[in-house]
Amino acid sequence: MSKISEVIARVKETYGKTEPEFVQAVTEVLESIKPVEEKHPEFLRAGVYDRIVEPDRVIMFKITWEDDEGNIRVNRGYRVEFNGAIGPYKGGLRFRKSVNLGIIKFLGFEQIFKNALTGLPMGGGKGGSDFDPKGKSDNEVMRFCYSFMSELFRHIGPYTDVPAGDIGVGAREIGYLYGAYKKFKNEHTGSITGKAYEYGGSLMRPEATGYGLLYFTEEMLSHRGKSVKGKIVAVSGSGNVALYAIEKANEMGAKVVFASDSKGTIYDPAGISGEKFAFLKDLKERRRGRIKEYAEKYNVAYFEGKSVWDVIKKEGIKVDIALPSATQNEIHREHAEALVNLGVIAVAEGANMPSTPEAIEVYRDAGILYGPAKAANAGGVAVSGLEMSQNAMLLQWTKEEVDERLRKIMKHIYREAMDASVAYGHPGDLMVGANIAGFLKVARAMVALGIF
Ligand code: NDP
Ligand code: 2IT
């Protein structure tokens with residue numbers, strides 16, 4: 001048995017029952033880097049495959065806070081510092097009821113290779129809590145964030161570990177988390193990204209993941225003589241990634257007809273644009289409301305309890321481009337089959353691991369363009385890296401400067417993934433290419449740094 005197969009089997013055996021998402025992520029990455037094993041005996045000698053699936057450090061802690069009624073509440077906090085070979089640990093924090101160690105480990109593992117692909121010196125990490133900000137008052141969220149940071153602050157720092165946002169962690173949460181960090185550490189340094197511009201954030205960070213997703217999609221299409229312009233697009237979710245994906249898709253001349261939240265899906269065949277998009281953005285970003293309100297206000301179809309992909313499959317609605325931007329494992333085999341049968345030309349992942357392994361198989365068999373998450377959604381962490389650079393220099397760039405760098409980085413990621421796919425015998429397979437290109441950088445660093 002090859003070493004890689006042996007490691008996959010061991011991870012499955014150990015975590016198959018308790019951490020299925022982690023096993024899924026490890027299996028996908030290791031399976032697709034198999035062409036590397038024979039070509040690089042130095043990685044085998046250095047034990048890289050065994051080492052890379054073990055987090056450097058897992059921190060778990062209790063968060064105690066008081067709700068508005070005076071009840072004492074307890075949540076669980078996590079920070080997984082997965083791999084720091086190429087730079088400080090870097091990755092978001094997710095606050096959602098469903099968060100558990102396996103989910104944070106899958107996200108941290110993915111982050112290692114995504115961050116490497118950006119070309120910036122950032123290691124991989126992720127954290128979060130089973131706390132759900134939904135339905136909580138601003139004061140409750142603030143008390144929770146201060147309590148969360150009262151433990152986390154001792155583990156992070158601008159050259160150690162730099163958290164940011166993810167699901168349930170947006171501008172408000174980052175503000176409170178950074179406020180707490182600053183108070184506990186008595187330091188104003190770039191130890192969290194996604195900060196508002198006023199206190200040291202980077203312009204364009206809120207937009208970066210969604211915009212980067214569209215830059216990447218355009219790059220993929222352009223190599224087949226196509227463009228986003230004039231295409232019908234399905235976006236899932238209506239959070240940070242989804243909203244800015246919709247905004248940029250509109251700007252590029254596409255028509256976005258789907259969006260969703262965890263309660264249901266809207267279908268607006270006329271396009272979610274102009275005043276309607278402004279309403280959606282205000283509804284989800286500022287008012288924290290339900291997407292159903294959009295359907296009521298604009299008299300369009302609403303599908304309660306259904307995902308975008310359920311609706312596409314059931315109603316047989318054709319889209320040209322699918323941009324899953326809500327959560328992991330939202331697209332199953334039958335959804336992917338429906339997309340393909342209806343004529344989708346590209347799937348690019350805004351969310352992390354939104355497609356199941358079976359769905360990915362369908363895309364690849366059909367030969368459609370597939371932009372895997374760690375390449376397609378890397379714009380967010382890339383601009384986080386640029387925020388770290390600006391913080392280190394104690395200056396702030398203009399929007400144009402950051403946007404220009406983001407565009408270049410997304411092109412660079414495409415090129416790296418494409419070149420690796422060719423060099424390792426799977427020309428055009430961006431999933432294999434992205435995994436290999438990201439892995440090579442980290443593995444080379446691990447070998448260079450010696451065994452420890
Ligand atoms: P947000 O919290 O801003 O938005 C998440 C959106 O997805 C909301 O519309 C939410 O619905 C929906 N959603 C979340 N979980 C589920 C679920 N289990 N089922 C159905 N819908 C769900 O998060 P982000 O936009 O930041 O993150 C979205 C995805 O993108 C995640 O996979 C994240 O890991 C990934 N990502 C985020 C980056 C970032 O910079 N923020 C960077 C790269 C990837 P509701 O409003 O009802 O909660
Ligand atoms: O999944 C991701 O890349 C993020 N949530 C962004 C991480 C970051 O550090 O900006």
Side-chain angles (χ1 to χ4, degrees), residues 21 87-99 103-104 106-115 117-118 120 122-128 132-135 161-174 190-195 201-202 204-213 235-246 259-266 280-281 283-285 287-292 305-310 323-330 349-355 373-388:
E21 294 87 358
Y89 304 105
K90 180 83 198 85
L93 297 171
R94 177 176 291 191
F95 290 172
R96 203 166 177 94
K97 212 176 167 54
S98 53
V99 161
I103 288 178
I104 300 299
F106 120 62
L107 290 163
F109 185 73
E110 286 286 293
Q111 201 81 43
I112 303 170
F113 311 102
K114 182 196 304 194
N115 293 2
L117 272 175
T118 65
L120 301 171
M122 301 182 287
K126 199 86 185 191
D132 211 326
K134 232 192 263 49
D161 182 357
V162 185
D166 193 80
I167 293 177
V169 179
R172 174 183 62 175
E173 290 74 19
I174 293 290
S191 43
I192 298 183
T193 61
K195 301 186 293 297
S202 175
M204 290 289 294
R205 176 62 187 88
E207 295 89 343
T209 314
Y211 281 20
L213 176 64
V235 171
S236 64
S238 50
N240 173 265
V241 179
L243 286 172
Y244 290 101
I246 297 172
S260 66
D261 64 18
S262 55
K263 297 286 185 226
T265 289
I266 54 160
L280 178 66
K281 199 168 166 213
L283 170 69
K284 295 303 292 187
E285 239 180 25
R287 291 203 282 127
R288 300 173 194 280
R290 290 276 156 223
I291 205 162
K292 190 177 182 183
K306 297 272 177 272
S307 75
V308 169
W309 323 111
D310 292 338
L323 304 175
S325 304
T327 194
Q328 65 272 5
N329 291 329
E330 47 175 303
E349 298 179 330
N352 285 306
M353 207 166 77
S355 309
K374 63 174 71 66
N377 75 30
V381 75
V383 172
S384 276
L386 301 179
E387 184 172 332
M388 290 165 69

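Counting starts at 1 for both ligands and their atoms, in listed order.
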- Would you indicate which of Ala326, Ala242, Pro324 comes nearest to atom 12 (C) of ligand 1 when only heavy atoms are counted? Ala326
- Does the N or O separation between Lys114 and ligand 1 drop below 3.5 Å for any pair? no
- Under a strict 4.0 Å criterion on non-hydrogen atoms, which protein residues are in contact with ligand 2? Lys90, Gly91, Gly92, Gln111, Lys114, Lys126, Ala164, Gly165, Asp166, Arg205, Asn352, Gly380, Val381, Ser384
- Which ligand 1 atoms, with their elements, are less than 4.0 angstrom from a heavy-atom of Ser238? 9 (O)
- Quick one: does Glu330 get a heavy atom under 4.0 Å from ligand 1? no
- If you compare Asp261, Thr209, Leu243 by their heavy atoms, the one closest to atom 42 (C) of ligand 1 turns out to be Thr209
- Are any side-chain N or O atoms of Asp261 and backbone N or O atoms of Ile291, one a donor and one an acceptor, separated by less than 3.5 Å? yes
- Query: Counting N and O atoms only, with roles assigned by atom type, does the side chain of Glu173 sit under 3.5 Å from a partner on the main chain of Gly170, one being a donor and the other an acceptor?
  - Reply: yes
- Item | Glu330 and Ser307: CA distance, side-chain angles, deciding distance, side chain to side chain contact (heavy atoms under 4.5 Å, CB included) verdict | CA-CA 8 Å; Glu330 47 175 303; Ser307 75; 5.8 Å; no
- Message: Quick test of your reading of the structure: of Gly168, Gly165, Gly239, whose heavy atom lies closest to atom 2 (O) of ligand 1?
- Response: Gly168
- atom 47 (O) of ligand 1 [closest protein heavy-atom partner, distance rounded to 0.1 Å]: Ser262 OG, 2.4 Å
- Query: What atoms of ligand 1 come within less than 4.0 Å of a heavy atom belonging to Arg94?
  - Reply: 31 (C), 32 (O), 33 (C), 34 (O)
- Would you call Gln328 a ligand 1 contact, heavy-atom distance under 4.0 Å? no
- Whether Ser236 side chain and Ser260 backbone form a donor-acceptor pair below 3.5 Å: no
- What about Gly237: any of its N or O atoms under 3.5 Å from an N or O on ligand 1? no
- Item | Distance filter under 4.0 Å to Ala351 heavy atoms, resulting ligand 1 atoms | 29 (C), 30 (O), 32 (O), 35 (C)
- Polar atom proximity, Asp166 to ligand 1 (N or O, under 3.5 Å): yes
- Under a heavy-atom criterion of less than 4.0 Å, does Gly170 contact ligand 1? no
- Using a strict cut-off of 4.0 Å, indicate which atoms of ligand 1 neighbour a heavy atom of Gly350. 30 (O), 35 (C), 36 (N), 44 (C)
- Quick check: does Asn240 get an N/O under 3.5 Å from an N/O on ligand 1? yes
- Give the residue and atom name of whichever protein heavy atom lies nearest to atom 48 (O) of ligand 1, and the separation in Å to one decimal. Lys134 NZ, 2.7 Å
- Identify the heavy atoms of Lys374 and Lys114 that sit nearest to each other, and give their distance. O-CG, 3.2 Å
- For Ser325, the ligand 1 atoms whose distance to one of its heavy atoms is below 4.0 Å: 28 (C), 29 (C)
- Item | Geometric N/O contact Asn352 with ligand 1, under 3.5 angstrom | yes
- Query: Any idea which atoms of ligand 1 are less than 4.0 Å away from a heavy-atom of Lys284?
  - Reply: 46 (O)
- Item | Nearest protein heavy atom with distance in Å, relative to atom 17 (C) of ligand 1 | Thr327 CG2, 3.5 Å
